[in-house]
Amino acid sequence: MGTCVITGAGDGIGRATAIEVSKCGYYDSFALLGRNLKAMENTVSLMGDVHVKIYEIDFVNVEKIPEIIGRVYKDFHSIDCLLNIAGYTDPQPLLSTSLESFELTYRVNVFAPFLLMRECTKYMKRRGGKILNVASTAGMTPRPGWLSYASSKASVIAMSQTLTDELAEYDIKVYCISPGRCATKLRRKLAPDEDPSTIMQPEEVADVINKLIDPNDTCLDGQNIVIRKRF
Amino acid sequence: MISAILLSGGVGSRMHNSMPKQYMLLAGKPVIMHTVERLDTIESIKNIIIVCSEEYRSAIDLMLKQYGIRKFVKFAPAGQTRQASVRSGLSFVETEAVMIHEAARPFVQTEDFSRLIESTDENVIIGSPINYTVIKGDDCVTGLLERSELVNVQLPQKFNTELLKSAHEKAVKEEKKFTEDASLLYYYDQSVRIRIMEGTEYNIKITNPIDMVIGDMIYREYFQRRA
């Protein structure tokens with residue numbers, strides 16, 4: 001069956017995805033990568049009957065990614081799917097945005113997915129696989145005050161489209177989704193006054209991710225798929 | 001098991017570029033790595049012997065790490081000629097059979113390597129019919145050749161290692177020059193059967209600048225679309 005690597009599985013879309021994908025039978029092994037061990041353990045308790053291992057990493061420290069992915073491969077002997085879901089935001093207007101804040105956003109939202117894709121591809125390229133990156137509608141349309149987040153998500157969209165062509169030879173499909181307003185902790189930082197019950201729920205995004213990484217799906221890679229709920 | 005010699009000693013003088021063609025980027029990837037990645041997936045290949053000039057060893061070594069290549073790779077020094085480079089590579093071969101390919105032919109499919117390796121013939125080359133006329137001549141026509149009797153010799157090629165080594169030693173002693181190894185082996189032992197398997201029209205050798213442009217199209221057509 002194979003191994004699925006998931007980032008951001010401690011809450012929100014990552015947790016909902018880990019739970020849903022673990023129950024659909026595509027993969028029998030899961031590597032959850034993140035910094036909040038307790039939250040990930042909670043996710044594991046809600047997952048299906050699969051083999052799960054947690055790897056502690058704060059994606060600010062992206063330099064550790066090659067070593068962690070090496071360990072994942074050593075533990076499971078294959079890497080077949082990568083779901084880049086972890087995200088970070090510190091919404092500020094240009095004049096208030098520090099270099100540190102900008103860099104931190106890029107470390108989590110851009111550098112980490114880049115390194116995870118690079119390292120996983122080394123193992124995935126022998127028998128093909130799937131990579132799915134979670135971008136955002138913020139990466140497609142202007143959002144004053146969200147400079148670092150919006151531009152980092154635009155980068156995720158561009159990386160996904162570039163790698164769709166580059167990795168086709170290895171039979172690695174690259175998917176990119178851009179959820180709109182979704183009730184997550186990250187969304188709360190972007191829109192603190194919004195009632196989360198009135199917007200899209202993480203489970204609804206997880207449902208789309210689950211459909212995309214179905215091994216039988218081959219037609220939706222290479223495009224930025226917008227997920228929006230109409231109310 | 002079989003060893004694969006990958007010739008990468010060319011200097012790319014016809015490319016008008018300071019970097020040899022096999023290290024230039026084709027579809028975003030160094031030309032040489034297209035072949036190395038495919039060789040890396042074939043179980044029956046024991047090792048890869050890359051014949052290259054000393055100055056490119058560390059660059060290739062880095063590429064092998066970057067692309068996660070798992071096969072054991074040895075380096076052999078490039079010679080002054082292609083023939084000398086093959087001889088250099090052969091000195092590192094310990095298997096009964098050897099496959100020779102050149103880094104400047106990045107469009108060889110994994111299946112091409114496999115059917116060569118799996119062939120029951122000891123000596124097999126890839127070739128294709130010639131669809132243009134070739135005549136003898138310099139600045140004047142001096143003779144004719146029958147097109148139907150000619151074959152465009154491609155790589156990869158597979159040989160019995162000892163037979164090929166022995167033929168190379170004879171060539172050195174006699175100071176005879178050959179441009180590829182089927183000719184060399186045939187010259188010294190015409191009793192040896194060298195089978196010709198039909199190649200594909202896209203297994204071109206990157207030689208001139210225009211080949212990089214054509215190569216990009218071939219890559220898209222045969223590799224990305226195939227996937």
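Values below: every heavy atom of this structure, side chains too, minus hydrogens, waters and symmetry copies. Chain A is the first sequence line, chain B the second, and so forth, proteins listed ahead of strands; every chain is numbered from 1.
Of the possible donor and acceptor atoms, one in the side chain of K125(A) sits under 3.5 Å from a partner among the backbone N and O of Y67(B).
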Quiz: residues 4-32 of chain A side-chain donor-acceptor pairs under 3.5 angstrom, not counting sequence neighbours:
from: T7(A); atom 1: OG1; to: I85(A); atom 2: N; distance (Å): 2.9
from: T7(A); atom 1: OG1; to: A86(A); atom 2: N; distance (Å): 2.9
from: D11(A); atom 1: OD2; to: K185(A); atom 2: NZ; distance (Å): 3.3
from: R15(A); atom 1: NE; to: G10(A); atom 2: O; distance (Å): 3.4
from: R15(A); atom 1: NE; to: T43(A); atom 2: OG1; distance (Å): 2.8
from: R15(A); atom 1: NH2; to: G10(A); atom 2: O; distance (Å): 3.0
from: R15(A); atom 1: NH2; to: A39(A); atom 2: O; distance (Å): 2.9
from: T17(A); atom 1: OG1; to: I13(A); atom 2: O; distance (Å): 2.7
from: E20(A); atom 1: OE2; to: N210(A); atom 2: ND2; distance (Å): 3.4
from: S22(A); atom 1: OG; to: A18(A); atom 2: O; distance (Å): 3.2
from: S22(A); atom 1: OG; to: I19(A); atom 2: O; distance (Å): 2.7
from: S22(A); atom 1: OG; to: G48(A); atom 2: N; distance (Å): 2.8
from: K23(A); atom 1: NZ; to: L46(A); atom 2: O; distance (Å): 3.4
from: D28(A); atom 1: OD1; to: G2(A); atom 2: N; distance (Å): 3.4

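Counting non-hydrogen atoms of other residues, nucleotides and ligands closer than 6.0 Å to CD of Q66(B) gives a total above 12. The number of heavy-atom neighbours closer than 6.0 Å to NZ of K165(B), taken from other residues, nucleotides and ligands shown, is above 12. Residue M217(B) qualifies as open at atom CE: its count of foreign heavy atoms under 6.0 Å is 12 or below. Summarising the local packing, CZ of R71(A) is surrounded by more than 12 heavy atoms from other residues, nucleotides or ligands at distances under 6.0 Å. No more than 12 heavy atoms of other residues, nucleotides or ligands shown are found within 6.0 angstrom of OH on Y186(B).
For the pair D165(A) and R220(B), the tightest heavy-atom approach, listed with the atom from each and the gap, is OD2-NH1, 3.8 Å.
Residues from residues 28-51 of chain B that place a non-hydrogen atom less than 4.5 Å from a non-hydrogen atom of chain A comprise K29(B), H34(B), E37(B), R38(B), D40(B), given in numerical order. Along residues 53-63 of chain B, no residue comes nearer than 4.5 angstrom to chain A, judged on non-hydrogen atoms.
For the salt bridge (Lys or Arg N to Asp or Glu O under 4.0 Å) condition, the pairs that include at least one residue of residues 118-127 of chain B, sequence neighbours left out, are D121(B)-R193(B), D121(B)-R195(B).
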